[in-house]
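Keep in mind it's a predicted model, so treat the numbers as computed, not measured. The sequence lines fix the lettering, A, B, ..., with proteins before strands; numbering per chain opens at 1.
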Protein chains: 2
Amino acid sequence: MAKLQGKGNCQTCPIRYRSIFADIPEDKLPEVIGDFRTSILTLTHNEVIYSEGDAPTHTYTLRKGLIKLTKSLPDGRIQIVRIIGHGELFGFDGLANENHNHTALALTDIEICKLPMSGLERIRINNPSVDKAMMQGWIQGLRAAENMLLDLGAKKAPERLASFLLKWCKDTEQGQWIDLPLSRTEIAELLGLTVETVSRFLSDWKRKGYIEDTRSTVRLVDSDGLNQVVDGYSK
Amino acid sequence: MAKLQGKGNCQTCPIRYRSIFADIPEDKLPEVIGDFRTSILTLTHNEVIYSEGDAPTHTYTLRKGLIKLTKSLPDGRIQIVRIIGHGELFGFDGLANENHNHTALALTDIEICKLPMSGLERIRINNPSVDKAMMQGWIQGLRAAENMLLDLGAKKAPERLASFLLKWCKDTEQGQWIDLPLSRTEIAELLGLTVETVSRFLSDWKRKGYIEDTRSTVRLVDSDGLNQVVDGYSK
DNA sequence: CGCGACTTTGAGCATATTCAATAAATGTGG
DNA sequence: CCACATTTATTGAATATGCTCAAAGTCGCG
C-alpha cells in the first residue's frame with residue numbers, strides 16, 4: 001500500500017521550515033542540495049516504513065501525520081518508544097553504521113520524505129546549519145527518551161496517563177478539542193500499561209469532569225484535576 | 001570533595017583512544033586542540049557533577065569509574081536514566097541550548113575531564129572525525145534509551161533484572177567475577193523496581209545456582225538459567 | 001442494518017509494593 | 001584490632017496496584 005508519490009522537491013516542500021534544511025536561505029538551497037534526490041511516499045495506518053533489525057538505506061523526514069517507533073519482545077508485547085511529528089528526522093541508525101533499532105509505522109495516514117543516507121551525510125558535513133539541526137534533533141530525542149524513562153520507571157499508572165494527556169495538550173489553549181489519533185491500545189503501548197487500565201482511568205476522569213473525549217479527540221476541561229493526579233497523587 | 005587535579009593533557013590522556021579524539025593522529029592533535037583547555041576533576045561516590053535544570057557551561061568525558069544520570073520526581077522517587085562508562089561524553093544538553101535534563105553523579109570514585117562548551121563546538125565543527133564520534137555517541141545513546149524503554153515498559157521484574165545482569169556481564173567470559181558497583185537500591189532505581197524486589201530475585205537465583213555474588217561483584221554460574229527467565233518466563 | 005473492531009466494565013488474581021523486623025557488612029573511634 | 005554505630009541487604013507478612021479473562025456495549029463502515 002505504500003505509495004510512491006514521486007520525487008521530492010525541497011524548494012517547494014511545505015515543511016521545509018521545520019526540517020533540517022530550515023535555516024538554508026531559499027536561494028542557496030539548490031547549491032546545497034546539489035543532485036540529492038528524495039522521494040515522497042504515502043502510507044496508511046499501521047503500514048511499516050522499516051523494521052527493527054533492517055539494514056538502513058535511507059533516513060526519513062515526516063511531512064504529514066504521525067509515526068510511532070516501536071520495539072517488541074519475542075512473545076509479542078509491544079512498546080512504543082517514540083512518537084514522531086511534523087518535520088522530524090527519523091531512521092538514522094545507519095549514520096552510526098547500525099541496523100535499525102526499532103520498527104517505524106504509520107500512526108495516521110502519513111506522507112514521508114525518503115533521504116538517501118550517503119547524500120544526506122555529504123550535505124550534513126558541508127553545511128553547518130544542517131549539521132546543527134541534526135545535532136539538536138538527536139539531543140532533543142535523547143531528552144525526550146530520558147523523560148519517558150522517568151515516566152515508565154518511576155510513575156504509577158494514573159500519573160503516567162495524566163502527564164501524557166497534559167503533555168499532549170500542552171501547546172494548545174485550555175478547553176480546545178485536540179486530535180489524539182492513538183487508540184486505547186496504542187496509548188497503553190506507549191505508557192507500558194494495558195488497554196483496560198487506560199480505559200478505566202480515562203472513564204474515571206470523564207465522570208469527574210476532568211476531560212471529555214470522542215473516539216479520536218480530547219479536551220481538557222479541568223487540567224487542574226489532572227495536575228493533581230500527577231503530583232499530589234503520590235503524597 | 002570534588003577535587004581539581006589540574007589541567008588535562010589530551011596528548012597523554014590514557015583514555016583518548018576511547019574519546020571523541022580517538023581518530024586524530026597523535027601528531028595532529030596539538031593543531032586540532034589549539035588553545036582548548038580542559039581540566040581534570042576527581043569525585044567520590046554520590047558527588048554531583050551537575051544537576052537537572054542547571055545551565056551548562058561544560059561538557060564532560062569520563063576518564064575513570066562510572067557515572068549515573070538520574071531524574072527525580074517531586075516526592076523523591078528516583079530513576080537512573082543512563083550509566084556512563086569509560087571514555088563516554090555526557091552533559092551536552094547545552095549544545096542544543098537547553099539546560100541539563102538530568103543530574104549526573106559519581107557511581108564510583110571517578111575522574112572526569114571538563115570540556116568548555118564553546119571550544120568543543122569549535123573543534124567539532126572543524127574536525128570531521130570528532131564530529132562523527134560525537135554523532136555516533138548520540139545515536140548510540142538513543143539506541144540504548146530505546147532498549148531501556150522496552151525493558152521498563154514491557155518487561156516484568158524478573159525479566160528486567162535478568163536481562164540487566166546478562167547485559168552487564170555480556171563482554172566477559174562466562175564464569176568470570178565481574179565488578180558490579182551498584183547497590184541494590186541503585187539497581188532498583190535503574191530498573192524501576194524496589195530494593196526488596198531486586199533482593200528477592202537475586203537471592204532466589206543464588207539459591208538456584210544461576211549466580212554468585214559478593215557485595216560489589218557478580219558471577220554468572222549458569223547464564224542459561226537467566227536466559228530462560230528473560231524469554232521463556234513469559235511463555 | 002448488521003458486521004467487525006474498538007472500548008468499557010466487572011470480578012478475580014498475580015505481581016510487586018509497603019511496612020516491619022532481622023541480619024550482614026562497613027566504617028569509626030578508642 | 002576490637003566494639004559499636006551506621007548503612008545496606010535480606011526475609012516475611014499484608015496490601016494494593018495493575019493485569020487477565022470474560023462479557024457487554026459502542027462506534028464506524030459497507
Ring pair (Phe, Tyr, Trp, His ring centres under 6.0 Å) contacts in which one or both residues fall within residues 170-190 of chain B, not counting sequence neighbours: none
Test: B:Lys71 and A:Glu146 ion pair at under 4.0 Å: no
Phosphate OP1/OP2 of C:dT7 contacted by A:Ser199 side-chain N/O (<4.0 Å): no
Euclidean distance, atom CG of residue B:Leu193 to atom P of D:dT17 [Å, nearest integer]: 17 Å
Global bending angle along the helix from C:dC1-D:dG30 to C:dG30-D:dC1, which compares the axes of five pairs at either end, to 10 degrees: 40°
Rounded interatomic separation in angstrom, taking CD from B:Glu189 and C1' from D:dT8: 13 Å
Rounded interatomic separation in angstrom, taking CZ from B:Phe201 and C1' from D:dA9: 16 Å
Shortest non-hydrogen contact between A:Thr59 and A:Gly91, atoms and distance: OG1-O, 3.6 Å
A:Lys155 NZ to D:dG18 P, straight-line distance once rounded to whole Å: 14 Å
Centroid separation B:Tyr50 to B:His58 less than 6.0 Å: no
Test: B:Lys208 and B:Asp204 ion pair at under 4.0 Å: yes
Show me the donor-acceptor pairs, under 3.5 Å and distance only, between side chains in residues 165-173 of chain A and residues at least two apart or in other chains.
from, atom 1, to, atom 2, distance (Å)
A:Trp168, NE1, A:Asp179, O, 2.8
A:Thr172, OG1, A:Cys169, O, 3.4

d(CG, A:Leu161; P, C:dT8) in whole Å: 11 Å
Ring centre gap for A:Tyr60 and A:Phe92 strictly below 6.0 Å: no
Ionic contact status for B:Glu98 with A:Arg143, cut-off 4.0 Å: yes
For nucleotides 22-25 of chain C, which of its nitrogen or oxygen atoms have a protein nitrogen or oxygen under 3.5 Å away, and what is each distance?
from, atom 1, to, atom 2, distance (Å)
C:dA25, O4', B:Arg215, NH2, 3.4
C:dA25, O3', B:Arg215, NE, 2.9

Closest contact, heavy atoms only, B:Glu52 versus B:Thr103: N-OG1, 3.0 Å
Pairing of B:Glu88 and B:Arg82 as salt bridge, 4.0 angstrom limit: yes
Whole-Å distance separating the NZ atom of B:Lys156 from the C1' atom of D:dT20: 9 Å
Which residue lies more 5' along DNA chain C, comparing A:Ser183 with B:Gly192 via nearest heavy atoms: A:Ser183
Atom-to-atom span, CD of B:Glu196 to C1' of C:dA21 - whole angstrom: 12 Å
Touch class at under 4.0 angstrom, heavy-atom based, for B:Thr197 against every strand present: base
B:Asp213: partners by side-chain contact (heavy atoms from CB on, under 4.5 Å), with sequence neighbours left out: B:Arg184, B:Lys206, B:Val218
Nucleotide D:dT8, atom P - distance to CD of B:Glu186 in whole Å: 9 Å
Positions of residues 202-213 of chain B (non-hydrogen atom under 4.0 Å from DNA chain D), listed by number: B:Ser203, B:Lys206, B:Arg207
